[in-house]
Amino acid sequence: MDVLPLDSARPALRWRSESAAPAPRRVLEGDDALRAADAYRLACEGTAVLWRGDYQGARQLLTALARRVDRGPRRNRKAPTVAARDPYDAFHRHRQEQGRRARVLGMLLVPVDPGYVVPLRRAPDVRAACAEAYGPPQADGDAPFAVSLRELLGVIGAHEWRRRGVPVPALGGDRVHPHYGVFSPVRGEYVDLVARAPLPADRAVAHDIGTGTGVLAAVLARRGVARVVGTDQDPRALACARDNAERLGLAERIDVVEADLFPPGRAPLVVCNPPWLPAKPTSAVERAVYDPGSRMLRGFLAGLPHALAPGGEGWLILSDLAERLGLRTREELLDLIDAAGLTVVDRLDARPTHPRAADPDDPLHAARSAEITSLWRLAPSR
């Protein structure tokens, strides 16, 4: 880990960032006397503030910084712009604004002492949340570190998601518990598609490629598939899927294995819900949304014929948001399917139900409001 360049006689702190953000080049200490305008100016100049005041005061300052970051775009959001007329440009402008927002808000830091203790007045107990995100305290050594308050709040929020779980209607309302850095199944339409698609006659085994929380593996097992093998490369996802299989009483029917796409062997049903947008992720959880160069999509389609048992079927769950944003065309998708030696048996569609699809202030509202998520039933064409 990098060491923060503190202008202070205090011991140096290591820098921690799960999004791999670089350590700030300059860090000043601040407390409740620091004005939001000054903190914002420093952040825009690339100077971070290590907070030494009241924890709740730090949260209030972060809120004030967010208002300043968002003030300009919100004021001009109704104005007709090129971005509003061009979805592709709107997407990239939105990503740029998201990146700038993350950089500015990431300049407010808090110290964390050994044992994951935040040494600030009125600071919450973050030991369990940090242990889930960063690993047991002893694995991190004895040295204190600094982390952006924004990341720490994300760690705390992820802990609450994991503790409470997310109810899944396709599982009869049973809950799936996402771990830190693993995408939560809050968008239920893709899960519902897997719950209603016709299963093949042979239900001995199914493979769930990129299993994440394991929610699709659980749905398939509940539907009567005797054995489901879920694969992933992310250690957090592997642990999360195993945890959820155990919680749902499906551990004896769901195997979770580390693999780049396909596990060994063939199956009569192979399911994949790859990241939907061909763009570069900026954090661990974004890897479930952004797939640079459509690597996972291309790999799944190219390898599917060799992963299917005779007479088997592959299910590709994919949103058309990339098409509506000009990031990929329908023709390109169909060409990939054809080049892999696959044919489309059927397609099931669903409209999104998440709040952003109905939010006219969302920068990508035009594309989100028209978005369709599809389950493509694929079979070898030769």
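Between P275 and M296, the closest heavy-atom pair is CD-SD, 3.5 Å. Closest approach of A366 to S369, counting heavy atoms only: O-OG, 3.2 Å. Scanning all heavy atoms of the two residues, the minimum distance from G265 to H207 falls at O-CE1, 3.8 Å. The shortest non-hydrogen separation linking D32 to G57 is OD1-CA, 3.8 Å. Of all the heavy atoms in V126 and Y116, the pair that sits closest is CG2-O, 3.4 Å. Of all the heavy atoms in P274 and L318, the pair that sits closest is CG-CD1, 4.0 Å.
Between V69 and Y40, the closest side-chain pair of non-hydrogen atoms falls below 4.5 Å. Proximity of N273 to V271: side-chain heavy atoms (C-beta onward) are nowhere separated by under 4.5 Å. Counting heavy atoms from C-beta on, the side chains of V289 and W276 never come closer than 4.5 Å. Between T343 and L378, the closest side-chain pair of non-hydrogen atoms is not below 4.5 Å. L325 has its side chain out of reach of Y88: every pair of non-hydrogen atoms, C-beta onward, lies at least 4.5 Å apart. Side-chain contact between P22 and W15 is absent, with no heavy-atom pair separated by less than 4.5 Å. Residues D208 and V229 are not in side-chain contact: their nearest non-hydrogen atoms beyond the backbone lie 4.5 Å or more apart. Within the 4.5 Å cutoff, side-chain heavy atoms of V228 are placed close to those of V225.
One side chain, H179 or D243, offers a donor N or O that lies under 3.5 Å from an acceptor on the other. Between the side chains of T211 and D232, no donor-acceptor pair is found at a separation under 3.5 Å.
With respect to R242 and E246, no salt bridge is recorded, no charged nitrogen being found less than 4.0 Å from a carboxylate O. For the pair D125 and R127, the salt-bridge criterion is met [side-chain N within less than 4.0 Å of a carboxylate O]. A salt bridge links D260 to R295: one of the charged nitrogens lies within less than 4.0 Å of a carboxylate oxygen. Here E323 pairs with R330 in a salt bridge; the nearest charged N to carboxylate O distance falls below 4.0 Å. In summary, D349 and R347 engage in a salt bridge, as defined by a charged side-chain N under 4.0 Å from a carboxylate O. A salt bridge is defined here as a Lys NZ or Arg NE, NH1 or NH2 lying under 4.0 Å from an Asp or Glu carboxylate O, and R247 with D174 fails to meet this definition.
L13 and V117 sit in two unconnected hydrophobic clusters of ILVMFWY residues. Membership requires side-chain heavy atoms under 4.5 Å apart, directly or through other members. Placement of I209 and V191 within a single hydrophobic cluster is found when ILVMFWY residues are connected by side-chain heavy-atom separations under 4.5 Å, directly or transitively. By the criterion of side-chain heavy atoms lying less than 4.5 angstrom apart, applied directly or through intervening Ile, Leu, Val, Met, Phe, Trp or Tyr residues, V176 is not grouped with W161; the two fall into different hydrophobic clusters. In the hydrophobic clustering of this structure, V182 does not group with I254; members are Ile, Leu, Val, Met, Phe, Trp, Tyr whose side-chain heavy atoms approach within less than 4.5 Å, directly or through other members. Connection of I317 to L342 is established within a shared hydrophobic cluster, with ILVMFWY side chains joined at heavy-atom distances below 4.5 Å, either directly or through further cluster members.
In this structure, the side chain of W51 engages the main chain of D54 through a donor-acceptor pair within 3.5 Å. Between the side chain of S374 and the main chain of W376, no donor-acceptor pair closer than 3.5 Å is present. No donor-acceptor pair under 3.5 Å is formed between the side chain of R222 and the backbone N or O of G172. Looking only at distances, a side-chain donor or acceptor of R236 sits under 3.5 Å from a matching main-chain atom of A133. Between the R95 side chain and the K280 main chain, a donor and an acceptor come within less than 3.5 Å of each other. Without hydrogens or angle criteria, N244 side chain to T213 main chain gives a donor-acceptor distance under 3.5 Å. Within the 3.5 Å criterion, the main-chain N or O of E18 finds a donor-acceptor partner in the side chain of E151. Using modelled atom types, one side-chain atom of R266 and one backbone atom of L308 make a donor-acceptor pair closer than 3.5 Å. In this structure, the side chain of D291 engages the main chain of L297 through a donor-acceptor pair within 3.5 Å. Not one N or O on the side chain of R324 forms a donor-acceptor pair closer than 3.5 Å with the backbone of A367.
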**Request:** Please step through salt bridge (charged side-chain N to carboxylate O under 4.0 Å, His left out) for the pair E160 and R163, ending with a clear verdict.
**Result:** CA-CA 5 Å; E160 290 303 310; R163 183 179 63 83; 2.5 Å; yes

**Message:** One pair to check against side chain to side chain contact (heavy atoms under 4.5 Å, CB included): R67 and T63. What are the steps and the verdict?
**Reply:** CA-CA 6 Å; R67 284 197 299 267; T63 300; 3.5 Å; yes

**Request:** Given side chain to side chain contact (heavy atoms under 4.5 Å, CB included), test T231 with L261 step by step and report yes or no.
**Result:** CA-CA 7 Å; T231 71; L261 296 177; 5.8 Å; no

**Request:** Determine, stepwise, if the pair I372 / R351 fulfils side chain to side chain contact (heavy atoms under 4.5 Å, CB included).
**Result:** CA-CA 5 Å; I372 295 175; R351 291 280 185 180; 3.9 Å; yes

**Request:** For E45 and R41, run salt bridge (charged side-chain N to carboxylate O under 4.0 Å, His left out): C-alpha distance rounded to whole Å, both residues' side-chain angles, the deciding distance at 0.1 Å, then the answer.
**Result:** CA-CA 6 Å; E45 293 171 353; R41 175 181 54 79; 3.7 Å; yes

**Message:** Is there a side chain to side chain contact (heavy atoms under 4.5 Å, CB included) between L316 and L301? Walk through the geometry before answering.
**Reply:** CA-CA 9 Å; L316 170 66; L301 292 174; 4.2 Å; yes

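Heavy atoms from other residues, nucleotides or ligands lying under 6.0 Å from CZ of R35 number 12 at most. In the displayed structure, R253 atom CZ is contacted under 6.0 Å by more than 12 heavy atoms of other residues, nucleotides or ligands. By the 6.0 Å contact criterion, CZ on R196 is enclosed, its count of non-hydrogen atoms from other residues, nucleotides or ligands being greater than 12. Heavy-atom contacts from other residues, nucleotides or ligands closer than 6.0 Å to CD of E252 number 12 or fewer.
The distance from atom CZ of R93 to atom CG of D86, rounded to the nearest 0.5 Å, is 9.0 Å. Here the CG-CD1 distance, from L149 to I156, works out to 8.0 Å after rounding to the nearest 0.5 Å. Taking CZ of F262 as the reference point, atom SG of C272 lies at 7.0 Å (rounded to 0.5 Å).
For the pair R16 and Y134, the cation-pi criterion (under 6.0 Å, within 45° of the ring axis) is fulfilled.
When the salt bridge (charged side-chain N to carboxylate O under 4.0 Å, His left out) test is applied to R298, no partner is found at least two apart in sequence or on another chain.
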